[in-house]
Amino acid sequence: MPDRAPQPVDRQLPTDEARDLISLVRDIAQREIAPRAAEEEGAGHFPREVLTLLSESGLLGLPYDSEYGGGDQPYEVYLQVLEELAAARLTVGLGVSVHTLACHALANYGTKEQQAEHLPDMLGGGLLGAYCLSEPSSGSDAASLRTKAVRDGGTSRSGGTSRPEAGGEAESGGDWVITGTKAWITHGGVADFYTVLARTGGEGARGITAFLVPGDAEGLSAAAPEKKMGMKGSPTAQVHFDGVRIPDGRRIGDEGQGFAIALSALDSGRLGIAACAIGVAQAALDEAVAYATGRQQFGRPIADFQGLRFMLADMATQIEAGRALYLAAARLRDAGRPFAKQAAMAKLHCTDTAMKVTTDAVQVLGGYGYTADFPAERFMREAKVLQIVEGTNQIQRMVIARHLAGPESR
């Protein structure tokens with residue numbers, strides 16, 4: 001069966017620097033990521049060495065300020081980098097998206113002192129981040145999280161200093177002691193830092209505060225990674241906080257501001273998921289086209305048959321529509337305009353597209369598509385999780401509807 005090399009996506013990029021950046025990413029993807037993707041995913045290997053290379057290449061802090069080691073790139077460029085990485089291997093693309101999400105709180109709500117102390121290592125110093133919002137009993141209803149952070153002015157984990165109950169008034173300074181369990185944490189157990197949302201006040205969204213917790217903090221541990229149907233190279237685990245003590249200098253933003261910070265991060269993070277989804281869909285389309293133009297049946301390539309030609313045309317159209325949607329949302333963000341509705345739309349459409357396109361790719365390959373000898377089945381398994389993470393697609397529909405018709409009646 002002859003090989004048909006996929007054509008690179010023809011991207012509309014705003015600057016020569018952005019074009020050079022995409023060329024660099026494609027080179028890394030072709031040399032360091034794609035050739036080992038199938039084998040390493042099958043073995044459950046986490047590509048920390050690739051993420052370290054991306055950090056060294058300045059690709060882990062693209063949308064952030066260069067003053068602290070970021071790349072000063074607009075979101076429309078950063079997201080296209082994510083798409084290229086995810087097309088080569090979703091574990092890598094999603095890993096960069098999650099790391100970027102984990103940096104969001106400090107980069108946008110931290111003090112200048114906090115940013116100067118921590119951001120250079122987070123953005124370009126080889127560190128890897130994780131984002132801790134979900135819990136075993138609070139997923140879509142994130143405002144009901146139970147992990148607590150209480151003040152303790154002492155310095156001993158087991159000393160006699162009194163600890164006010166969560167919800168009480170607290171003075172600035174001293175330490176915080178975090179106790180609870182977070183669930184479904186990408187990079188759980190391998191991250192160097194965790195952005196953690198914990199309850200410091202009363203019930204509901206206004207009682208939540210954000211913290212930056214080092215990965216080697218005493219009392220922090222991770223459970224064994226979840227056994228997933230896809231993305232086996234990306235560790236997803238529960239993270240336990242057993243009286244983890246951190247100084248008040250690692251609190252991000254004001255007390256009670258954490259849920260607003262989390263929602264702000266998720267609006268941007270949903271665009272990252274959308275871009276990753278289009279990357280996976282593009283990879284599946286490339287595989288389907290290569291197979292259909294090379295596979296002979298009835299004396300000619302199966303791509304000659306109208307039924308398959310129309311499938312390929314529909315797949316390509318859905319991908320282009322998804323790419324245009326996430327880029328339109330990104331440009332709103334870059335212009336400083338509201339983009340939450342468009343981010344939800346992009347996440348919804350792009351991840352549904354990825355599921356449809358990867359399923360169709362398996363169908364194009366027929367029996368071969370159902371085997372691990374071809375990557376189509378892996379793309380299909382990986383696409384499914386993108387409809388779930390960072391807000392299920394049912395939640396995205398609720399978000400969109402609220403923008404259209406207002407909040408639901410109680």
Side-chain angles (χ1 to χ4, degrees), residues 75 79 82 86 90 93-94 97-98 100-102 104-105 130-147 182-186 188 195-199 203-208 210 226 228-231 234 236 238 258-278 280-281 318 321-322 325-326 328-330 332-333 338-356 358 382-410:
Y75 238 66
L79 292 178
L82 275 190
L90 181 57
L94 190 70
S97 181
V98 168
T100 303
L101 179 70
H104 178 95
Y131 186 75
C132 294
L133 176 61
S134 294
E135 297 182 0
S137 61
S138 63
S140 296
D141 183 13
S144 67
L145 65 85
R146 309 311 306 163
T147 295
K182 295 294 182 177
W184 310 111
I185 306 304
T186 301
T195 295
V196 180
L197 284 302
R199 186 162 303 285
E203 297 296 315
R206 296 183 180 180
I208 296 171
E226 305 288 350
K228 309 192 298 287
M229 69 184 289
M231 288 193 67
S234 175
T236 304
Q238 289 192 354
F259 196 70
I261 292 173
L263 293 182
S264 171
L266 287 174
D267 284 340
S268 297
R270 285 167 180 163
L271 292 181
I273 299 303
C276 286
I278 294 301
V280 173
Q318 292 160 7
L325 187 55
Y326 87 62
L332 285 175
R333 185 190 188 281
F339 69 101
K341 179 181 72 174
Q342 289 80 3
M345 289 177 169
K347 199 274 183 183
L348 168 64
H349 177 83
C350 292
T351 59
D352 281 353
T353 289
M355 195 70 249
K356 178 67 165 61
T358 56
E382 291 177 340
K384 183 62 207 175
V385 76
L386 299 175
Q387 295 178 302
I388 300 171
V389 297
E390 295 193 28
T392 66
N393 282 6
Q394 287 68 37
I395 291 293
Q396 304 314 311
R397 289 175 169 89
M398 291 174 62
V399 171
I400 296 163
R402 285 172 187 162
H403 281 277
L404 296 174
E408 300 90 336
S409 300
R410 294 293 182 180

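As the structure is a computational prediction, the values presented were derived from the model and not from experiment.
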On a heavy-atom basis, the closest approach of Ala274 and Ala346 is CB-O, 3.6 Å
Can a donor-acceptor pair be found, under 3.5 Å and without considering hydrogens, that links the side chain of Arg199 to the backbone of Gly204? yes
Keeping to residues at least two apart or across chains, list the salt bridge (Lys or Arg N to Asp or Glu O under 4.0 Å) pairs with something in residues 341-355. Asp352-Arg397
Partners passing ring-ring contact (aromatic ring centres under 6.0 Å, His included) against Tyr75 (at least two apart in sequence or in another chain): Tyr78
Can you find a heavy atom in the side chain of Glu408 that is under 4.5 Å from one in the side chain of Met398? yes
Does a side-chain heavy-atom distance below 4.5 Å link His349 with Tyr326? no
Leu332 CG to Gln342 CD distance, which is reported to the nearest 0.5 Å: 5.0 Å
Interatomic spacing from CG in Leu271 to SG in Cys276 - rounded to 0.5 Å: 11.0 Å
Between CD on residue Gln394 and CG on residue Leu348, distance to nearest 0.5 Å: 9.0 Å
Residues 133-144 vs salt bridge (Lys or Arg N to Asp or Glu O under 4.0 Å), sequence neighbours excluded, gives Glu135-Lys182
For Thr186, enumerate each residue passing the side chain to side chain donor-acceptor pair (under 3.5 Å) test, keeping only those at least two apart in sequence or located in another chain. none
Between atom CG of Leu82 and atom OG1 of Thr100, what is the distance when rounded to the nearest 0.5 Å? 6.5 Å
Can you measure from CG (Leu386) to OG1 (Thr392) and round to the nearest 0.5 angstrom? 13.0 Å
Under 3.5 Å, is there a donor on one side chain and an acceptor on the other for Ser138 and Arg146? no
Least distance between heavy atoms, Cys132 atom then Ile185 atom: CA-CD1, 3.7 Å
For Ser97, check side chain to side chain donor-acceptor pair (under 3.5 Å) against everything at least two apart and list the hits. none
Going by the rule side chain to side chain donor-acceptor pair (under 3.5 Å), which residues pair with Ser134 if we only count those two or more places apart in sequence or in a different chain? none
Shortest non-hydrogen pair, Cys350 vs Ala277, comes out as O-CB, 3.5 Å
I want to check something: taking the side chain as every heavy atom from C-beta on, are Val385 and Met231 in contact at a cut-off of under 4.5 Å? yes
Point-to-point distance, once rounded to the nearest 0.5 Å, from CD1 of Ile400 to CD1 of Ile395: 11.5 Å
I need the minimum non-hydrogen distance between Asp267 and Ala340, along with the two atoms involved. OD2-CB, 3.6 Å
With distance as the sole test, does Arg270 use its side chain to make a donor-acceptor pair with the main-chain N or O of Glu390 at under 3.5 Å? yes
Quick one: does Leu133's side chain get under 4.5 Å of Leu266's, heavy atoms only? yes
